[in-house]
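Take a look at the structure set out below.
Naming convention: chains lettered A, B, ... in sequence-line order (proteins, then strands); numbering from 1 in each chain. Keep in mind that what you see is a predicted model, and the values were worked out from it rather than measured. Values below: every heavy atom of this structure, side chains too, minus hydrogens, waters and symmetry copies.
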Amino acid sequence: MAAETGTPTTLTLKSNDDELFSVAESAAILSVTIRNMVEDGCAGGVIPLDNVDGKTLASVITYMNGISAIPADEEKKKSYRDKFLSDKDFETLADMVLAANYLNMSCLMDAVSAKIAQVMEKKSVGWVRRKFGIENDYTPEEEAAVKEEHKWTFEGVETDDDN
Amino acid sequence: MPIIEKLNLEKKVDVQKCNRRSRPYYFRRCKHKCLSSTTSIESLPDEIVFQILLQLEAEEIYESAMLVCRRWYKIIHTHDFIQEHLKHSSPGLLIQDWTTSEDPTFVTLSRGGKVNNFKFKLKSKYRLNLNSKYWATFNGLALEDYPSKGNNLHRTVFVVNDTTNKRIAVPQFSAHQHACHYFSCLGYAPASKEYKVVHIHSYPGSNNLSIQGCAILTLGVGKSWRCIDTQHIPATAVHLLAYRPLITEGFVHWGGWFSTCFLSLNLESEIFTETPIPHDIYVDRIVYNYYFSTWRSVTLINATRRGFSWDIWEMKKPGEWKKVLKIDLDAQKCKIEKHWGCTLLNGLIPAGWLNYMDVFVLSVWEVRDKALVLYDVRTREIECLDLDCIGDLSIYCLHRNSLVWLDHTWMDSASKSN
């Protein structure tokens with residue numbers, strides 16, 4: 001547990017490529033994963049984060065520091081998140097969503113997911129496949145069947161002559 | 001983990017493919033990093049793709065995401081995804097003109113996260129035939145109600161999901177020979193997870209006194225309507241059944257402008273309850289009560305004509321009204337008048353809520369066919385919204401788009417039995 005001293009506690013996080021980062025405990029505990037470690041008293045030395053690389057972790061820490069400096073004002077937090085994510089390319093976003101999931105940071109998770117989803121808005125199926133490098137693994141018959149689901153289906157329609 | 005290795009392998013194949021086709025920059029850049037870990041959407045685990053797809057609007061999912069690949073299709077077609085997506089879907093107002101067959105306008109808050117930011121999306125994709133109306137919608141399902149050909153007493157009612165293009169006929173209700181049809185509505189009983197259609201009608205009783213009738217059909221359980229006893233409802237409340245119903249989760253409600261009583265039908269127990277309106281609410285010819293659903297509760301707004309301030313009462317469960325809010329727009333009157341270049345002589349007319357109780361919607365009497373005022377309850381700011389044309393006699397219906405549809409096994413048996 002954090003010692004109740006006047007100075008803020010600092011944690012050391014280690015990425016999977018062995019980079020070390022110092023971060024204020026108050027910012028780091030935005031991650032439920034880290035918070036649990038702190039509460040369990042396992043945060044004394046270095047906290048290894050095996051699923052996050054140094055580049056992504058640096059970015060996540062920037063976010064942690066930025067967002068925790070904002071007082072409880074959802075509007076300002078949202079605009080910080082928007083600004084923070086605005087210059088990130090897709091690869092970085094994908095790394096970040098994985099890191100947010102691993103670190104259990106729901107606010108970052110939601111924001112990054114929304115940012116990735118935004119890319120797809122109002123785009124054709126072909127465009128989405130190309131943009132994300134997804135192979136169309138539907139057989140032509142399956143694809144036709146899925147498209148068929150889009151047509152209006154009238155089920156159990158009774159005629160006026162029925163009772 | 002073996003799964004990750006497998007996914008990494010697949011991903012390398014993708015990168016090569018993409019390079020050949022000269023795909024977006026991030027794939028090209030990947031080339032140099034191929035041997036280290038590169039992340040593409042294909043390499044993300046299902047639970048993360050689930051989270052990403054959740055952020056899309058229902059129609060985006062249905063018209064595009066579902067067709068992308070098998071994996072996405074499978075993720076989307078799960079009960080968990082549909083229910084979780086419903087929770088993310090923000091309730092808005094469907095505005096339709098009584099007098100025309102024009103498409104209604106849908107006003108809702110934009111998706112983009114938990115904070116609402118007055119980016120409004122107006123849609124008008126609802127294909128309505130003449131004479132058909134959406135009376136009430138719940139969880140993205142709506143009722144369409146038509147008079148049957150040649151016989152106005154018989155109604156043909158459909159349950160529809162306009163987003164997923166599904167429609168099913170509701171078994172017909174055989175009313176009393178001289179019955180008069182009022183409203184049909186669709187509600188949801190959360191404990192039993194059942195959708196129910198409630199049909200209100202009146203028929204002549206002895207001494208020519210008309211009797212209000214209520215019949216319920218549980219969708220998914222046979223084709224028979226149950227008649228619900230309305231005899232015990234006091235005379236001060238029973239007449240409310242002729243009004244347009246309000247739907248909240250688990251209940252159908254009826255209230256009147258000048259009535260001192262409010263009536264609720266519990267969709268779980270199928271029992272009616274009356275709740276008197278609060279004692280300190282004064283009702284007469286110029287002060288009256290508006291009722292709006294927020295899905296989760298009913299709100300009562302006591303309004304004076306020409307007024308610019310309102311007390312908002314909320315009823316979460318039948319039996320108790322609680323004053324929750326006071327809205328005063330007197331100071332913002334000038335802004336509204338300036339926006340539409342008119343003098344507000346008649347005040348604003350309450351019209352409903354967006355996203356539960358986040359935004360209070362009002363229409364402007366002077367320009368009522370094309371104007372709404374939206375009041376953000378949290379920031380206390382107003383926004384003036386111009387609409388194409390919503391008609392002079394518009395009704396406002398709470399709605400949200402969803403991927404919800406009825407249980408398949410029932411539909412199969414229902415269509416077979418026809």
Tell me yes or no: between the side chains of A/Asn136 and A/Glu143, is some donor less than 3.5 Å from an acceptor?
yes
By a 4.5 Å heavy-atom criterion (distance strictly below it), what part of A/Asp137 contacts chain B: side chain, backbone, both, or neither?
both
Distance alone, cut at 3.5 Å: any donor-acceptor contact between the side chains of A/Asp95 and A/Thr92?
no
From the list A/Ala111, A/Ala100, A/Ala117, the residue making the most non-hydrogen contacts under 4.5 Å with chain B is A/Ala117
Among all residues two or more places apart in sequence or in another chain, which pass the side chain to side chain contact (heavy atoms under 4.5 Å, CB included) test with A/Lys123?
A/Trp127, A/Val128
By a 4.5 Å heavy-atom criterion (distance strictly below it), what part of A/Glu142 contacts chain B: side chain, backbone, both, or neither?
side chain
Is it true that the side chains of A/Ser15 and A/Asp17 contain a donor and an acceptor less than 3.5 Å apart?
yes
